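Take a look at the structure set out below.
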There are 2 protein chains.
Amino acid sequence: MTPPRNPDGAERIQLAWTRERPGTPVESIGVITRIWHAGKLLADDRRRTLARLGIDAATLDLLSTLRRHGAPYRMTPAELKEACLVSAGAISQRVARAETSGLVRAHRSSGGRTSAVELTAEGHALIEGSVDELLRHEQALVEHLTPAQREQLAELLRALLDGLVARLADPRTAERPPSSGAG
Amino acid sequence: MTPPRNPDGAERIQLAWTRERPGTPVESIGVITRIWHAGKLLADDRRRTLARLGIDAATLDLLSTLRRHGAPYRMTPAELKEACLVSAGAISQRVARAETSGLVRAHRSSGGRTSAVELTAEGHALIEGSVDELLRHEQALVEHLTPAQREQLAELLRALLDGLVARLADPRTAERPPSSGAG
DNA sequence: AGCACGCTGTTTAGACCTAAACAAGGAGTG
DNA sequence: CACTCCTTGTTTAGGTCTAAACAGCGTGCT
């Protein structure tokens, strides 16, 4: 039977809708709302942690992406957009901010358009000095789950993501099946 | 053994860090990054869905919270802050916007401070006309998982959240022993 | 009564994002 | 060679959030 326990936020929402509007389809809340809640707690924690290190999450994402990509730590704006999952405009803004801070250097073509973004020594050093600490901190946040639970959770999230990407990914790329020339 | 498949975003990040910086503690990425990715896909989808209905996610959150709370659909700003998981300032702004749109009415004390926020007939109607459709749409987004997988995913997310709340929830409320409130 | 403190709500500054309008180049075609 | 389309990057308008400074008010202590 259901173990006796206090409802969490998502369950309270489900119970409230069912009480107020019997028949409301509340099942998805158990997954979707919990993903948002967990994501928010983790994002808020990351923001606070990074604030102590004098960096913000958007800049860390940019620098990490360049660093992970490998030497010479240089990518085009289109590659960054793809990797960071944000809009093209957001990339322009992130690069502008990071360049002002001296963390990246933007290579520009004659027209003023950025053709590549490259990590500076300062940006490289900032990442090297924070990524391990950040990841160790976050590892500690999930260690109340057993290794088996973490493995299972990661697997299920991956299965969920596979389906979401298939349904929701950018409509332009979604219609691009390998070798279908109908469009 | 490991089924042969293409790595997803989170796995690519793990592989890249391991290649670039062997020893980097990447395990948490399998859970945390996937939560953020799934959350972003779902949030982007909800934003687009609601845009078609002429409402934004923040306002929907406010109106839903009031509606679910039950008649007379009235809550204090402090209750809303607690339920919506956003800052006090965000509540002030949400209420101001929703009031301008005629979706809620703010009861103010002499000093101009809001003592309670109440759904208007228009706000009530907007929720009634969109919540079922929205939830059915989102249910469809997770139905590629089997019922058993969805159940298991919800359970694991809940276990994760229990631990996160214990570690990360507001330091002031974190020390508050379980006393009242089981109503 | 007088006063300090804590709780709540508001305001504002600063970050960040998306969507959409724009702009610059390259590729294919007549 | 001119034209058009398409891809890619920039700009801007609008919206949201947090953090922190600020303000009103009740409460308890002296």
Side-chain angles (χ1 to χ4, degrees), chain A residues 36 39-52 54-62 75-101 104 106-117 168 170-173 175-176 183, chain B residues 36 39-41 43-52 54-62 75-82 84-101 104 106-117 168 170-173 176:
Chain A
W36 283 332
K40 177 165 171 52
L41 287 173
L42 291 165
D44 285 354
D45 178 70
R46 173 171 277 199
R47 177 165 18 80
R48 285 191 291 264
T49 300
L50 291 178
R52 271 182 245 120
I55 187 175
D56 61 80
T59 301
L60 180 93
D61 189 28
L62 176 66
M75 296 172 73
T76 66
E79 288 172 330
L80 289 168
K81 170 182 182 304
E82 173 80 10
C84 295
L85 301 179
V86 296
S87 67
I91 293 294
S92 280
Q93 294 173 37
R94 284 183 177 190
V95 170
R97 286 192 298 267
E99 190 173 28
T100 299
S101 305
V104 303
H107 298 262
R108 296 200 170 71
S109 58
S110 55
R113 292 159 73 82
T114 298
S115 59
V117 182
L168 300 179
D170 188 311
R172 288 181 305 268
T173 68
E175 324 247 340
R176 206 185 284 162
Chain B
W36 284 332
K40 177 165 171 53
L41 287 174
D44 286 353
D45 178 71
R46 173 172 278 200
R47 179 165 16 81
R48 285 190 292 262
T49 300
L50 291 178
R52 271 183 245 119
I55 187 175
D56 61 81
T59 301
L60 180 93
D61 188 30
L62 175 66
M75 296 172 73
T76 67
E79 288 171 331
L80 290 167
K81 170 181 181 305
E82 173 79 10
C84 295
L85 301 178
V86 296
S87 66
I91 293 293
S92 280
Q93 295 173 38
R94 285 182 176 191
V95 169
R97 285 191 297 267
E99 190 173 28
T100 299
S101 305
V104 303
H107 298 263
R108 296 199 170 72
S109 57
S110 55
R113 294 157 72 82
T114 298
S115 59
V117 181
L168 301 178
D170 187 312
R172 291 182 301 269
T173 68
R176 204 184 281 163

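This is a predicted model, so every value here is computed, not measured. Protein chains get the first letters and strands the later ones, always in sequence-line order, with residue 1 at the start of each.
- Look at NZ on B:Lys40: it is 11 Å from C1' on C:dC16, rounded to the nearest Å.
- For B:Glu79, the side-chain contact (heavy atoms from CB on, under 4.5 Å) test picks out B:Met75, B:Thr76, with sequence neighbours left out.
- Taking 4.0 angstrom as the limit, B:Lys81 places none of its side-chain polar atoms (N or O) nearer than this to OP1 or OP2 of D:dT18.
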So which protein N/O to nucleotides 9-12 of chain C N/O distances come out below 3.5 Å?
from: C:dG9; atom 1: OP2; to: B:Ala78; atom 2: N; distance (Å): 2.9
from: C:dG9; atom 1: O4'; to: B:Arg113; atom 2: NH2; distance (Å): 3.2
from: C:dT10; atom 1: OP1; to: B:Thr114; atom 2: N; distance (Å): 3.3
from: C:dT10; atom 1: OP1; to: B:Thr114; atom 2: OG1; distance (Å): 2.8
from: C:dT10; atom 1: OP2; to: B:Ser92; atom 2: OG; distance (Å): 2.6
from: C:dT12; atom 1: O4; to: B:Gln93; atom 2: NE2; distance (Å): 3.2

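- In this structure A:Ser87 satisfies the side-chain contact (heavy atoms from CB on, under 4.5 Å) test together with A:Ala90, sequence neighbours excluded.
- If you check every strand for non-hydrogen atoms under 4.0 Å, B:Asp56 touches sugar and phosphate atoms only.
- Between B:Val117 and B:Glu99 there is no side-chain heavy-atom pair separated by less than 4.5 Å.
- B:Leu80 places its CG atom 13 Å from the P atom of D:dC17, with the value rounded to the nearest Å.
- B:Thr59 pairs by the side chain to side chain donor-acceptor pair (under 3.5 Å) definition with B:Asp56, not counting sequence neighbours.
- Listed by chain and number, the residues in a side-chain contact (heavy atoms from CB on, under 4.5 Å) with A:Arg47 are A:Asp44 (sequence neighbours excluded).
- Contacts of B:Thr114 classified as side chain to side chain donor-acceptor pair (under 3.5 Å), with partners at least two apart in sequence or in another chain: none.
- Distances shown here put a side-chain N or O of A:Arg97 below 4.0 Å from the OP1 or OP2 atom of C:dC17.
- Rounded to whole Å, the distance from CD1 on A:Ile55 to P on C:dC16 is 10 Å.
- Dashed line: the shortest gap from a side-chain N or O of B:Arg47 to OP1 or OP2 of D:dG15 is not under 4.0 Å.
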